Amino acid sequence: MDTVELARYLIGKVVVHDIPEGRVSGRIVETEAYPIGDPAGNAFRGKTARNRSAFLERGHAHVYLVYGSSFLLNVASEATGVGAGVLLRALEPLEGIDLMQRSRDSACLTDLARGPGRLTEAMQVNFTQDGADLCAAGPLWLAAPPRDTGAIGRSVRIGLTRNVDPQWRFYERGNPFVSGPKRLRV
DNA sequence: AGTGCGATTGACT
DNA sequence: GTCAATCGCACTA
């Protein structure tokens, strides 16, 4: 499975974070792929302290900061040393909704984890989880889908200035927790 | 040492 | 719909 396939595969899976206050979890409803050799990917220009976790074995968390304020959660997607990932852009909250509301200081359910920066804030993900193995026992992990996954839509990625053409964004169609444009562009 | 720029968000018209 | 805040990091000199 390559990076783009993984981005599609992750739709409907569940992110779980066990924190001292309890458990928060949510269904993944929107992802973006940043594959090998993608000029928009932050691993493109080689390994640095900032992106080193993107070079870990597939399934490890890569957390980094953009715009000085938003943490973004990626899943490393290729073999060790390659450098590629899948960005988790939106979740449908499942467990610990009250904790998410407190973390986000918002009561609106659809706003809790709609957007990559909001997602990490709701899930209390930050540099502490950078490099964590999401497929192993640990506070932050990926779980199986709780129900059948709906039809999956596809579009260009959001917010990029480089390599904007490929349709490497995936989302569950009709799901109210998806951010951004929901239309299919072919 | 200085500069420019985001895989965004929240506030505002 | 538009727009600016914000700051760590990569890059240049």
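Keep in mind it's a predicted model, so treat the numbers as computed, not measured. Hydrogens, waters and symmetry mates play no part in the numbers below; they use all other heavy atoms, side chains included.
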**Report entry** Short side-chain donor-acceptor distance under 3.5 Å, A:Ser53 and A:Asp130
**Finding:** yes
Query raised in the report: Which ones in residues 39-49 of chain A lie close to DNA chain B, meaning a heavy atom under 4.0 Å from one of its atoms?
Result: A:Ala40, A:Asn42
Report task. Go ahead and write out DNA chain B as dot-bracket, 5' to 3': ( ) for pairs within the strand, [ ] for ones crossing earlier pairs, | when the partner sits on another strand, dots for unpaired; Watson-Crick or G-U wobble, both distances under 3.5 Å. Result -> ||||||.|||||.
**Report entry** Start and end of chain A contact along DNA chain B [non-hydrogen atoms, under 4.0 Å]
**Finding:** B:dG6 to B:dG10
Requested in this report: Give one of base, sugar-phosphate or nothing for A:Arg50, where a contact means two heavy atoms less than 4.0 Å apart.
Outcome: sugar-phosphate
Query raised in the report: Of A:Glu32 and A:Arg118, whose nearest nucleotide on DNA chain B comes first from the 5' end?
Result: A:Glu32
Query raised in the report: Take atom CZ in A:Arg52; do more than 12 heavy atoms of anything else shown fall under 6.0 Å from it?
Result: no
Report task. May I have the step-by-step check of side chain to side chain donor-acceptor pair (under 3.5 Å) for A:Ser103 and A:Glu121, ending in yes or no? Result -> CA-CA 6 Å; A:Ser103 305; A:Glu121 192 174 36; over 6 Å; no
Report task. Is it possible for you to say whether A:Leu56 and A:Val82 belong to one hydrophobic cluster, with membership spreading through side-chain heavy-atom contacts below 4.5 Å? Result -> no
Report task. Say whether A:Glu78 and A:Thr3, considering side chains only, have a donor N or O and an acceptor N or O under 3.5 Å apart. Result -> yes
Query raised in the report: Are A:Leu88 and A:Leu65 connected in the hydrophobic side-chain network, where two residues link if heavy atoms are under 4.5 Å apart?
Result: yes
Query - Common cluster, A:Leu6/A:Phe44, ILVMFWY with side-chain heavy-atom separation under 4.5 Å - result: no
Query raised in the report: Base, sugar-phosphate alone, or nothing: which one does A:Arg162 contact when heavy atoms must sit under 4.0 Å apart?
Result: nothing
Query raised in the report: Is the closest basic N to carboxylate O distance between A:Glu172 and A:Arg27 below 4.0 Å?
Result: yes
**Report entry** Summary of ring pair (Phe, Tyr, Trp, His ring centres under 6.0 Å) pairs that have at least one residue in residues 71-109 of chain A, sequence neighbours excluded
**Finding:** A:Phe71-A:Phe127
Query raised in the report: Are A:Val125 and A:Val16 linked, directly or through other ILVMFWY residues, by side chains that come within less than 4.5 angstrom of each other?
Result: no
Requested in this report: Please check if A:Val14 and A:Tyr171 belong to a single hydrophobic cluster, counting links between Ile, Leu, Val, Met, Phe, Trp and Tyr side chain heavy atoms closer than 4.5 Å.
Outcome: no
Query - A:Arg157/A:Asp38 salt bridge by N-O under 4.0 Å criterion - result: yes
Query raised in the report: Taking 5' to 3' order, which nucleotide of DNA chain C is first and which is last to have an atom within less than 4.0 Å of a heavy atom in chain A?
Result: C:dT6 to C:dC11
Requested in this report: Output, in order, the C-alpha distance, side-chain angles, deciding distance and verdict of side chain to side chain contact (heavy atoms under 4.5 Å, CB included) for A:Glu30 and A:Ser179.
Outcome: CA-CA 8 Å; A:Glu30 181 182 352; A:Ser179 81; 3.0 Å; yes
Requested in this report: Identify, residue by residue, the members of residues 79-94 of chain A with a heavy atom below 4.0 Å from DNA chain B, and return them in order of residue number, or none.
Outcome: A:Leu87, A:Arg89
Query raised in the report: Is there a donor-acceptor contact under 3.5 Å linking the side chains of A:Arg58 and A:Ser77?
Result: no
Query raised in the report: Salt bridge between A:Glu92 and A:Arg147, side-chain N to carboxylate O under 4.0 Å?
Result: yes
